[in-house]
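These notes are about the structure you will find just below.
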Amino acid sequence: MTIQMDRKRKTAVLCAVILLISVFLAGCSTGTEETITIGKDLIPTLYSVVGHRTRTGTSTATENGTVTKSVTYAGLTKEDVQSYIDALAADGYIQTEGTKVDGNAQRLQIAIESSTEGKVILIDIAFDPQSSTTLTYTVTDGTLTRE
């Protein structure tokens, strides 16, 4: 059985297939991005500091106009996380509160002023060497007090 299509229909089908493939590929990231973009802010990624690590998930959410992007990694070492924190600190990020320790898991937050006045960039780091590490990036209303 042979299906006959006129030229216009073939072109339309081909365009639809190309569009679907483009949308799919745009949704997939390689994990080799140097920055994460939220609004006008470019935030250095873990990859930009320590190179490729195994990502097990990514997500983006918007709530009340605030965009949050999360990236989860498997198998990060304490040295990977510390190198990332040190690089961000060298760029002017500051720790907003003390590190919380629960067994092997550690949680902390670092921040810097956003390029948008009246906003800050927050990076929440949830590190557990026995399971996964999630980095959550948020740009939200706020100011930082530097000591």
Distance check, rounded to the nearest 0.5 Å: [X] atom [atom1] versus [Y] atom [atom2]?
{"X": "I43", "Y": "K69", "atom1": "CD1", "atom2": "NZ", "value": "8.0 Å"}
{"X": "E33", "Y": "Y47", "atom1": "CD", "atom2": "OH", "value": "9.0 Å"}
{"X": "L76", "Y": "R55", "atom1": "CG", "atom2": "CZ", "value": "11.5 Å"}

Check: Are L135 and I36 side-chain neighbours, meaning at least one heavy-atom pair lies under 4.5 Å?
Finding: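 L135 vs I36: side chains apart.
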
Check: Would you call V67 and T138 a side-chain contact if the rule is heavy atoms closer than 4.5 Å?
Finding: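 They are not in contact (no side-chain heavy atoms under 4.5 Å apart), so the answer is no.
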
Next item on the list: Given side-chain hydrogen bond (donor to acceptor under 3.5 Å, both in side chains), test T134 with S70 step by step and report yes or no.
Entry: CA-CA 7 Å; T134 300; S70 295; over 6 Å; no

Checklist line | Single-linkage hydrophobic cluster I110~Y73, side-chain heavy atoms < 4.5 angstrom | finding: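 Yes, I110 and Y73 fall within the same hydrophobic cluster.
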
side-chain hydrogen bond (donor to acceptor under 3.5 Å, both in side chains) with [X]: which residues, sequence neighbours excluded?
{"X": "S115", "value": "D41"}
{"X": "Q130", "value": "N104"}
{"X": "T45", "value": "none"}
{"X": "S132", "value": "none"}

Side-chain polar contacts of residues 116-125 - donor-acceptor pairs under 3.5 angstrom, sequence neighbours left out - could you list them?
residue, atom, partner, partner atom, Å
K119, NZ, D141, OD1, 2.8
D124, OD1, Q109, NE2, 2.8
D124, OD2, Q109, NE2, 3.4

Next item on the list: Output all residues satisfying salt bridge (Lys or Arg N to Asp or Glu O under 4.0 Å) with K78, sequence neighbours left out; order by chain, then residue number.
Entry: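 Listed in chain order: nothing, the list is empty.
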
Notebook entry, point to check: Does any N or O in the side chain of Q95 come within less than 3.5 Å of the main-chain N or O of E97, such that one atom is a donor and the other an acceptor?
Noted result: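 Indeed, once roles are kept as given, a pair shorter than 3.5 Å links the two residues.
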
Next item on the list: Any salt bridge (charged side-chain N to carboxylate O under 4.0 Å, His left out) involving residues 126-135? Give me the pairs, sequence neighbours left out, ordered by first then second residue.
Entry: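 Counting only pairs at least two positions apart or across chains, no salt bridge (charged side-chain N to carboxylate O under 4.0 Å, His left out) contact touches residues 126-135.
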
Check residues 80-94 and write down every donor-acceptor pair under 3.5 Å in which the side-chain atom is one partner and the other belongs to a residue at least two apart or another chain.
residue, atom, partner, partner atom, Å
D80, OD1, R53, NE, 3.4
D80, OD1, R53, NH2, 2.9
D80, OD2, R53, NE, 3.1
D80, OD2, T77, N, 3.1
D80, OD2, T77, OG1, 3.3
Q82, NE2, D86, OD1, 2.8
S83, OG, E79, O, 2.9
Y84, OH, P44, O, 2.6
Y84, OH, Y137, OH, 2.9

Check: With E63, which residues qualify under side chain to side chain contact (heavy atoms under 4.5 Å, CB included), at least two apart?
Finding: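 Counting only residues at least two positions away or on another chain, E63 forms no side chain to side chain contact (heavy atoms under 4.5 Å, CB included).
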
